[in-house]
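Data block below; observations after.
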There are 2 protein chains.
Amino acid sequence: MKVRTVDPQVWRCCPPLLTGRLTFEQAEALAGVFRVLGDPTRLYLLSLIAAQPHQEIKACALVETLGLSQPTVSHHLKVMYDAGLLTRERRGTGIYYRLVPQLLSVLRQVLSTDAAIMA
Amino acid sequence: MKVRTVDPQVWRCCPPLLTGRLTFEQAEALAGVFRVLGDPTRLYLLSLIAAQPHQEIKACALVETLGLSQPTVSHHLKVMYDAGLLTRERRGTGIYYRLVPQLLSVLRQVLSTDAAIMA
DNA sequence: CGTCTATATTGACAAGTATCTATACAGTGG
DNA sequence: CCACTGTATAGATACTTGTCAATATAGACG
């Protein structure tokens with residue numbers, strides 16, 4: 001239960017969840033990603049970013065929208081950044097967070113049921 | 001943060017996460033599902049069931065395999081059952097849990113990045 | 001260089017949860 | 001009907017985590 005930052009292994013391993021036994025290490029890495037997505041505030045935040053023109057947003061813009069304290073927003077952004085869901089870039093006075101669509105794509109693969117259906 | 005059992009709404013709503021703003025209610029329902037998947041033991045358990053001939057397993061068979069106490073296994077099975085990930089059926093002396101592939105399919109849709117890529 | 005704004009970190013606290021032991025419940029089979 | 005086996009529930013505990021207030025850090029710009 002000590003998996004906080006996501007092992008980069010997740011990006012390449014990940015046999016689809018439903019087609020074979022995971023090792024417990026794989027399960028831990030995957031669970032780490034799902035746990036990051038398992039918070040309504042973070043999901044809402046993700047969808048907010050996704051709705052922006054270039055799928056990016058300045059951190060301070062989120063504070064008022066979410067109605068949470070600035071440290072709390074910063075915390076969630078860090079969790080998602082550490083999980084590889086967001087990238088971070090300083091531009092001018094603010095820091096812009098952007099979506100990394102690939103990880104979500106990987107998760108979609110993991111959840112693929114095709115093989116299970118065919119079996 | 002009070003979402004434990006998953007709102008059936010999840011089964012029909014769920015605009016893809018990346019194509020528009022979720023309501024906070026939608027985010028809560030989705031996060032509930034992801035939180036269920038956000039535990040390595042449960043993911044490992046899911047993959048174990050998926051590896052069975054008919055994607056089903058007798059509850060007691062999991063106790064020795066997982067090396068956890070029977071109540072703990074029962075707890076995880078209940079969490080996943082309540083989330084709609086598993087079905088439950090009594091047959092003979094045991095209770096058999098089976099995968100519900102549809103919810104995972106829904107989640108895959110939710111994570112779809114196609115629209116975001118095209119935008 | 002100093003101030004201001006934006007973001008991150010620290011420390012504390014409450015709520016949630018994964019796990020265990022002990023116990024209750026529910027079919028099965030004699 | 002009684003004992004047995006398999007599963008669920010209750011209660012307790014340790015650990016995690018989402019949140020906030022307070023503080024630190026880091027660029028930007030006079």
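Quantities reported herein were computed from a predicted structural model and do not represent experimental measurements. Both backbone and side-chain heavy atoms feed into the values below; hydrogens, waters and symmetry mates do not. Lettering of chains follows the sequences in order, A, B, ..., and the numbering in each one begins at 1.
- If you take CG on B:Leu66 and OG1 on B:Thr72, they are separated by 10.0 Å, rounding to the nearest 0.5 Å.
- For A:Lys78 and D:dT19, the NZ to P distance is 17 Å, given to the nearest whole Å.
- Annotation: ring-ring contact (aromatic ring centres under 6.0 Å, His included) contacts of B:Phe24 (sequence neighbours excluded): A:Tyr44.
- Between B:Asp39 atom CG and D:dT17 atom C1' there is a gap of 14 Å when expressed in whole angstrom units.
- For B:His76, counting side-chain heavy atoms from C-beta on, the closest listed nucleotide (C:dA18, D:dT19, D:dG6) is C:dA18.
- When heavy atoms are screened at a 4.0 angstrom cut-off, A:Tyr96 is found touching no nucleic acid atom at all.
- Backbone-only contact: A:Thr93 has heavy atoms under 4.0 Å from sugar-phosphate atoms and none from a base.
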Margin query: Protein within reach of the bases, or only the backbone? For nucleotides 20-26 of chain C, mark each nucleotide 5' to 3' as B, S or -, using heavy atoms under 4.0 Å.
Written below: BBB----
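- Here the P atom of nucleotide D:dT7 and the CD atom of B:Glu64 are 11 Å apart, to the nearest Å.
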Next item on the list: May I have the step-by-step check of side-chain contact (heavy atoms from CB on, under 4.5 Å) for B:Leu45 and B:Tyr97, ending in yes or no?
Entry: CA-CA 11 Å; B:Leu45 213 157; B:Tyr97 282 87; over 6 Å; no
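- Closest contact between the side chain of B:His75 and the listed nucleotides C:dT19, D:dT7, C:dT7 involves C:dT19.
- Using a 4.0 Å heavy-atom distance criterion, B:Tyr97 is classed as a sugar-phosphate-only contact.
- Here the CE atom belonging to A:Met80 is positioned 5.5 Å from the CD1 atom belonging to A:Ile49, to the nearest 0.5 angstrom.
- With hydrogens and angles disregarded, no donor-acceptor distance shorter than 3.5 Å links the side chain of A:Arg98 to the backbone of A:Glu56.
- Atom CE of A:Met80 is separated from atom P of D:dG18 by 11 Å (rounded to the nearest Å).
- Remark: B:Arg35 is in phosphate contact with C:dT17, judged by side-chain N or O atoms under 4.0 Å from OP1 or OP2.
- B:Leu77 places its CG atom 16 Å from the P atom of D:dG6, with the value rounded to the nearest Å.
- The CG-C1' distance, from A:Leu45 to D:dG18, rounds to 14 Å in whole Å.
- A:Lys58 places its NZ atom 12 Å from the P atom of D:dA28, with the value rounded to the nearest Å.
- Note on B:Leu77 and B:Val36: same hydrophobic cluster, where clusters join Ile, Leu, Val, Met, Phe, Trp and Tyr whose side-chain heavy atoms are under 4.5 Å apart, directly or indirectly.
- Each of A:Arg42 and B:Ile95 was matched to the nucleotide of DNA chain D holding its nearest heavy atom; the match closer to the 5' end belongs to B:Ile95.
- A:Asp82 places its CG atom 17 Å from the P atom of D:dT16, with the value rounded to the nearest Å.
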Item checked: Evaluation steps, side-chain contact (heavy atoms from CB on, under 4.5 Å), between B:Thr93 and B:Lys58 -> CA-CA 10 Å; B:Thr93 98; B:Lys58 203 174 168 187; 3.7 Å; yes
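- Of the side-chain N and O atoms in B:Arg88, one or more sit less than 4.0 angstrom from OP1 or OP2 of D:dA8.
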